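Worksheet: the structure to be examined is printed underneath.
Order of the sequence lines sets the chain letters (A, B, ...), proteins ahead of strands, with each chain counted from 1. These numbers come from a predicted model, not from an experiment. Excluded from the calculations below are hydrogen atoms, water molecules and symmetry mates; all remaining heavy atoms, backbone and side chain alike, are included.
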Amino acid sequence: MTLRLHDTATREVRDFVPLEEGKVGIYVCGLTVQSEPHVGHVRSAVNFDVLRRWLSASGYAVHFIRNVTDIDDKILTKAAEQDRPWYNLAYAMHAELTKALASINVLPPTYEPGATGTIPEMVELIEKLIARGHAYVGEDGSGDVYFDVRSWPTYGELTRQGIDDMEPAGDADPRGKRDPRDFALWKGWKKETEPESAAWPSPWGPGRPGWHIECSAMASKYLGPAFDIHGGGVDLRFPHHENEQAQSRAAGMPFASYWLHNAWITTAGEKMSKSLGNSLLVPEVLKRVRGIELRFYIVSAHYRSHVEFSFEALDEAAAGFRRIENFLERVGYASTRPTGIEEMTAEFVAAMDDDLGTPAAMAVVYDLVRDGNRALASDQDARMHARHVEAMLDVLGLHPHDEAWAGAGAGDEKLTSAVDVLITALLEDRATARADRDWARADAIRDRIKAAGIEIEDTPSGPKWSIDNAG
RNA sequence: GGUGGGUUGGCCGAGAGGCGAGGCAACGGACUGCAAAUCCGUGUACACGGGUUCAAAUCCCGUACCCACCUCCA
């Protein structure tokens with residue numbers, strides 16, 4: 001069984017064949033660091049993190065590049081509104097992003113280049129495009145450089161659109177463009193409105209890069225002129241990815257072999273209002289559920305399916321995930337964490353190989369949990385079930401004992417051991433009451449503990465307590 | 001106008017010609033002092049109208065509604 005992936009360029013699921021055996025190069029468009037990341041932003045990161053982990057588990061050496069756009073119109077506008085330097089805003093938001101991704105166990109990429117660190121490569125690429133007759137300097141003296149879409153016969157091929165069918169941008173600044181669909185490779189510095197710190201020297205005068213050129217430059221710098229997979233959100237297909245491909249190929253690079261796009265996550269059928277928008281910021285959501293539960297919610301849906309975000313669905317997912325955790329708690333975790341495809345069931349591997357079928361893969365996990373629980377109920381050994389479950393959760397970035405979750409939420413060890421002492425004392429009182437068959441007193445103790453947000457579970461080996469996450 | 005996607009049980013969410021993915025919730029049962037956890041059981045779901053087929057949620061034609069992108073966007 002080989003991995004099959006849905007390629008946007010061909011609109012079909014096809015066998016994944018790497019350019020070089022045993023190795024995979026992936027480039028994912030990260031975020032423009034202009035505001036705090038919300039749930040929608042991190043979905044993309046989680047989806048591609050799963051891809052990356054699955055490729056690693058399948059035996060590939062993965063080179064994973066995810067960029068950040070740290071200079072653009074929006075950053076300049078927002079920074080000006082907040083009366084702070086643009087680079088300070090970008091830097092601070094980049095830190096927020098890193099924190100948010102770490103809180104849901106997204107592995108750091110091999111490298112995370114920023115646009116501002118790749119400007120010489122972009123200038124070089126633009127010069128090549130001008131030399132080849134695919135780009136021109138704006139004739140209005142603005143210092144802008146544009147890509148000439150009419151000069152590239154296959155422009156529009158990624159999204160199957162003809163140039164003449166495209167709606168000309170109504171609000172685009174036409175400064176010196178030959179065709180309204182031409183896009184900026186380089187934006188000349190606007191002295192009156194833009195800070196000098198946002199301009200870099202170039203053969204066309206001071207300025208800053210256009211949005212699309214950065215990814216072409218960064219991808220080829222770190223992955224080479226041809227690489228395996230390019231990913232991003234659906235909204236990036238056009239214009240961003242179309243433009244990236246056009247300019248890269250026009251400069252003589254084959255560029256990406258496969259294009260993967262994750263679907264949107266929206267909020268309860270409404271436009272994101274300010275209050276709802278704020279409540280969807282990652283730290284806000286993590287006040288309600290744990291990071292591992294948020295990640296589970298994202299992973300449970302297929303990456304190409306549109307998800308309608310709701311707190312109800314999030315709570316349901318969290319409740320479902322706790323069932324899996326409970327099973328592992330009951331069996332007891334393996335002393336060393338089981339990893340590797342050989343520890344997973346064939347059904348799980350087949351589901352993942354089929355365009356990362358995480359919903360089907362989760363169904364396999366649930367089936368194993370039920371079988372394991374059943375074995376436990378009849379005093380049979382369920383450790384093998386648990387091994388499979390652990391390995392499968394691990395590759396999805398959902399292993400409860402992953403270091404990534406340590407220190408998050410209720411994980412403070414000193415606090416936990418302090419609570420343990422107190423609860424244990426109360427449980428001893430309850431045990432005494434139960435031995436005396438004083439049910440009223442026993443239940444009163446349990447109710448008091450429950451009121452503090454702690455769930456008591458009587459097991460053959462005595463009562464166990466856990467934080468009631470559903471509360 | 002162009003391009004792409006969607007509509008599945010109370011809810012979430014897979015599947016893509018033939019045996020009801022899975023989860024959450026609900027109800028009944030087992031276990032329990034009572035619970036919790038767990039297990040067992042309970043559902044005649046595929047927007048609408050036609051068609052193809054021995055067989056359609058799945059393919060074809062049409063209709064309705066929804067969403068995304070068309071130079072700010074994960």
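For A:Arg374, the side-chain atoms get nearest to B:C40 when compared with the rest of B:C40, B:C12, B:A14. The side chain of A:Ala301 sits closest to B:A14 out of B:A14, B:G23, B:U71. Distances were taken from every side-chain heavy atom of A:His302 (C-beta onward) to each of B:A74, B:C34, B:A14; the shortest belongs to B:A14. Looking at the side chain of A:Ile265, the nearest of the listed nucleotides B:C24, B:G13, B:A74 is B:A74. Comparing atom distances between the A:Arg434 side chain and each of B:A74, B:C70, B:C34 picks out B:C34 as nearest. Side-chain atoms of A:Asp367 lie closest to B:G22 of the nucleotides B:U38, B:G22, B:A74.
Between B:A35 and B:A45, the distance separating the two C1' atoms is 34 Å to the nearest Å. Taking the P atom of each, B:G28 and B:G43 are spaced 16 Å apart, rounded to whole Å. B:A55 and B:A16 have their C1' atoms separated by 15 Å, with the value rounded to a whole Å. One C1' atom belongs to B:G15, the other to B:A21, and the distance between them is 7 Å to the nearest Å. Here the separation of B:C40 from B:C46, taken at their C1' atoms, is 28 Å to the nearest Å. Spacing between B:G49 and B:C54 at atom P, rounded to whole Å, works out to 23 Å. Nucleotides B:C61 and B:A68, compared at atom P, are 26 Å apart to the nearest Å. One C1' atom belongs to B:U58, the other to B:G23, and the distance between them is 23 Å to the nearest Å.
A:Thr8 comes within contact range of no nucleotide atom at all, as no heavy-atom separation falls under 4.0 Å. Nucleic acid contact for A:Arg43: none, since no nucleic acid atom lies under 4.0 Å from a heavy atom of the residue. Contacts of A:His240 with the nucleic acid, taken as non-hydrogen atoms under 4.0 Å apart, are absent. Using a 4.0 Å heavy-atom criterion, one finds that A:Phe348 contacts no nucleic acid atom at all. Within 4.0 Å of A:Asp443, counting heavy atoms only, lies at least one base atom of the nucleic acid. A:Phe183 comes within contact range of at least one nucleobase, with a heavy-atom separation under 4.0 Å. A:Gly232 comes within 4.0 angstrom of the backbone, heavy atoms only, and of no base. Within 4.0 Å of A:Thr32, counting heavy atoms only, lie sugar-phosphate atoms of the nucleic acid but no base atom. No engagement by A:His306 is indicated, since no non-hydrogen atom pair under 4.0 Å with the nucleic acid exists. When heavy atoms are screened at a 4.0 angstrom cut-off, A:Gly30 is found touching the sugar-phosphate backbone but no base atom.
Residues A:Ile26 and A:Leu55 have side chains in contact (heavy-atom distance under 4.5 Å, counting atoms from C-beta outward). With contacts defined as side-chain heavy-atom distances shorter than 4.5 Å, the pair A:Arg370/A:Asp367 qualifies.
Between A:Tyr366 and A:Phe296, the ring planes are perpendicular. Angles over 60° get that label, and only those under 30° would be called parallel. Between A:Tyr27 and A:His230, the ring-plane angle classifies as tilted under the 30° and 60° cut-offs.
B:A74 atom P lies 17 Å from atom CZ of A:Phe238, rounded to whole Å. Distance A:Arg304 CZ to B:G15 P: 8 Å, rounded to the nearest Å. Between A:Leu368 atom CG and B:U38 atom C1' the separation is 16 Å, expressed in whole Å. Between the NE2 atom of A:His212 and the C1' atom of B:C69 there is a distance of 13 Å, given to the nearest Å. A straight line from NE2 of A:His261 to P of B:C67 spans 23 Å, rounded to a whole angstrom. Atom pair A:Tyr297:OH and B:G22:P shows a separation of 21 Å (rounding to whole Å applied). One interatomic measurement links the two molecules: CD of A:Gln161 to P of B:U71, which rounds to 10 Å at whole-angstrom precision. A straight line from NE2 of A:His6 to P of B:G5 spans 7 Å, rounded to a whole angstrom.
A stacked arrangement is not assigned to A:Tyr366 and the six-membered base ring of B:G23, the conditions of a centre distance below 5.5 Å and an interplanar angle below 30° not being jointly met.
A close approach under 4.0 Å does not occur between any side-chain nitrogen or oxygen of A:Arg237 and OP1 or OP2 of B:G4.
Cation-pi check for A:Arg14 over A:Tyr258 is met; the charged atom lies under 6.0 angstrom from the ring centroid and within 45 degrees of its normal.
Taking 3.5 Å as the limit, the base of B:C34 and the side chain of A:Arg446 contain a donor-acceptor pair of atoms between them.
Of the two residues near RNA chain B, A:Thr159 and A:Ala184, the one whose nearest nucleotide lies more 5' is A:Thr159.
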Residues A:Glu112, A:His94; criterion side chain to side chain donor-acceptor pair (under 3.5 Å); working and verdict: CA-CA 11 Å; A:Glu112 186 176 49; A:His94 189 179; 2.8 Å; yes
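No donor-acceptor contact under 3.5 angstrom links the side chains of A:His241 and A:Gln245, judged on distance only. Side-chain N/O atoms of A:Glu214 and A:Thr118 include no donor and acceptor closer than 3.5 Å.
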